[in-house]
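Everything below concerns the one structure shown next.
When a residue number appears, it is its place in the shown sequence, counting from 1. Note that the structure is predicted; figures quoted are calculated from it, not measured.
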Amino acid sequence: MFTIRKADTADISLINKLAWQIFPETYKNILTKEQSDYMMEWMYSPENIRKQMEEEGHIYYIAYEECEAAGYVSIQPEGKDLYHLQKIYVLPYYQKYGLGRKLFEQAIKAIKELHPEPCRMELNVNRQNPALGFYEHMGMRKMREGDFPIGNGYYMNDFIMGIEI
C-alpha cells in the first residue's frame, strides 16, 4: 500500500537521496556516466531542488511504502493551460507494483486542483527510455521531439509527450 504526500523544502535532502538511487540506474544504458553526473548536479543538487521549489514553481510529491520513501513526482505550471510533468521516478525495487501509475495520477489530480479548466500536461522523455511505453499506456501521445542543449556540451534527446486533462 502506497501513500503520497506533498513535499516541502524540508524534504530536499530526501529527494536528493532518492534521485541518487534512481536516476543513474534509470539512465545507465542511455547516458554516459559523465552526462548522468552532470544532470544530477543540474537537476538534483540541494540548491537546485530548492530553487525549483521556491522560484520555479515545481511542486513535488513523495510516495511511501509504509515508512520508506519509494519515489517522487513533480509538476510545474508552464503556461496558461499547460503544465509540465518535470520528474517521475520510482526506486527500482518498487517498479512493477503500480507506483508509477499512482504518481502519474497524483500529478493529474494536483493539476486539476490547481487548474479546474481543461488543460494539457506535457513531459520530456528520452527517446531511448523504456518508460516511453508506460507513458503511452497512461494515455500520453508523442507530440514532437527535439534535442535540447543543457550545458557542458550535453543534450537531452527527447520526445515531448502530452495528455489533455
Quiz item: Who are the salt bridge (charged side-chain N to carboxylate O under 4.0 Å, His left out) partners of Glu54, not counting sequence neighbours?
Solution: Arg50
Self-check item: Counterpart residues, ring-ring contact (aromatic ring centres under 6.0 Å, His included), relative to His115 (two or more places apart)
Solution: Tyr83
Quiz item: Nearest heavy-atom pair of Asp147 and Pro149: which atoms, and what distance?
Solution: O-CD, 3.7 Å
Quiz item: Closest approach of Ala7 and Met53, non-hydrogen atoms and distance?
Solution: CB-CE, 4.2 Å
Quiz prompt | Positive for side-chain contact (heavy atoms from CB on, under 4.5 Å) with Ile75, one of Leu114, Leu123, Ile88 | solution = Leu114
Exercise. Hey, could you give me the CG/OH distance between Asp11 and Tyr61, rounded to the nearest 0.5 Å?
Key: 12.5 Å
Self-check item: Charged N-O contact under 4.0 Å between Arg101 and Glu105
Solution: yes
Quiz prompt | Residues which pass side-chain hydrogen bond (donor to acceptor under 3.5 Å, both in side chains) with Gln35, listed by chain and number, not counting sequence neighbours | solution = none
Quiz item: To the nearest 0.5 Å, how far apart are NE2 in His58 and CD in Gln52?
Solution: 4.5 Å
Show me the side-chain donor-acceptor pairs of residues 14-26 shorter than 3.5 Å, one per line, residues at least two apart or across chains.
residue : atom : partner : partner atom : Å
Asn16   : ND2  : Tyr44   : O            : 2.6
Glu25   : OE2  : Lys28   : NZ           : 2.7
Thr26   : OG1  : Ile22   : O            : 2.8

Exercise. Give the C-alpha distance, both sets of side-chain angles, the deciding distance and a yes or no for side chain to side chain contact (heavy atoms under 4.5 Å, CB included) between Met161 and Leu132.
Key: CA-CA 9 Å; Met161 300 184 76; Leu132 188 60; 3.4 Å; yes
Quiz item: Roughly how far, to the nearest 0.5 Å, is the CD atom of Glu136 from the CD1 atom of Ile163?
Solution: 12.0 Å
Quiz item: Can you name the side-chain hydrogen bond (donor to acceptor under 3.5 Å, both in side chains) partners of Ser45, sequence neighbours left out?
Solution: Glu47, Asn48
Quiz prompt | Same cluster (ILVMFWY, side-chain, under 4.5 Å), Val90 and Tyr97 | solution = yes
Quiz item: Are Met143 and Val125 connected, step by step, through hydrophobic side chains (Ile, Leu, Val, Met, Phe, Trp, Tyr) whose heavy atoms are closer than 4.5 Å?
Solution: no
Quiz item: Which atom pair, heavy atoms only, marks the closest approach of Ile4 to Ala63?
Solution: CG1-CB, 3.9 Å
Quiz item: Could you give the distance from CD1 (Ile111) to CD (Gln106), rounded to the nearest 0.5 Å?
Solution: 10.0 Å
Quiz prompt | Residues that Asn29 engages under side-chain hydrogen bond (donor to acceptor under 3.5 Å, both in side chains), provided they are two or more places apart | solution = none
Quiz prompt | Intermediate values then yes/no, side chain to side chain contact (heavy atoms under 4.5 Å, CB included), Met140 and Phe104 | solution = CA-CA 11 Å; Met140 300 194 86; Phe104 188 90; 3.6 Å; yes
Quiz item: Is there a donor-acceptor pair closer than 3.5 Å between any side-chain N or O of Gln76 and the backbone N or O of Glu56?
Solution: yes
Practice problem: Among residues two or more places apart or on two chains, list those pairs meeting ring pair (Phe, Tyr, Trp, His ring centres under 6.0 Å) that have a residue in residues 128-164. | Solution: Tyr38-Tyr154
Quiz prompt | More than 12 heavy atoms from other groups under 6.0 Å of CD on Glu66 | solution = no
Exercise. Only counting residues at least two apart or in another chain, list the ones meeting side-chain hydrogen bond (donor to acceptor under 3.5 Å, both in side chains) with Glu78.
Key: His84
Quiz item: Of all residues at least two apart in sequence or in a different chain, which pass the salt bridge (charged side-chain N to carboxylate O under 4.0 Å, His left out) check with Arg120?
Solution: Glu122, Glu164
Practice problem: State which residues pass salt bridge (charged side-chain N to carboxylate O under 4.0 Å, His left out) with Lys33; sequence neighbours excluded, sorted by chain then number. | Solution: Asp37
Practice problem: Measure across Ile49 and Met43 and return the closest heavy-atom pair with its distance rounded to 0.1 Å. | Solution: CG1-O, 3.8 Å
Quiz prompt | Trace of the side chain to side chain contact (heavy atoms under 4.5 Å, CB included) decision for Asn126 with Asp158 | solution = CA-CA 4 Å; Asn126 183 286; Asp158 292 346; 4.0 Å; yes
Practice problem: Working to the nearest 0.5 Å, report the span between CG of Leu91 and CD of Glu65. | Solution: 11.0 Å
Quiz item: Under the salt bridge (charged side-chain N to carboxylate O under 4.0 Å, His left out) test, which residues partner Lys6, sequence neighbours left out?
Solution: none
Exercise. Would you name the heavy atoms of Met156 and Asn124 that are closest together and state the gap between them?
Key: CE-ND2, 4.2 Å
Quiz item: Which residues satisfy the side-chain contact (heavy atoms from CB on, under 4.5 Å) test with Ala70, sequence neighbours excluded?
Solution: Phe2, Tyr94, Leu99
Quiz item: Nearest 0.5 Å, what's the CG-CE distance between Leu82 and Met121?
Solution: 10.5 Å
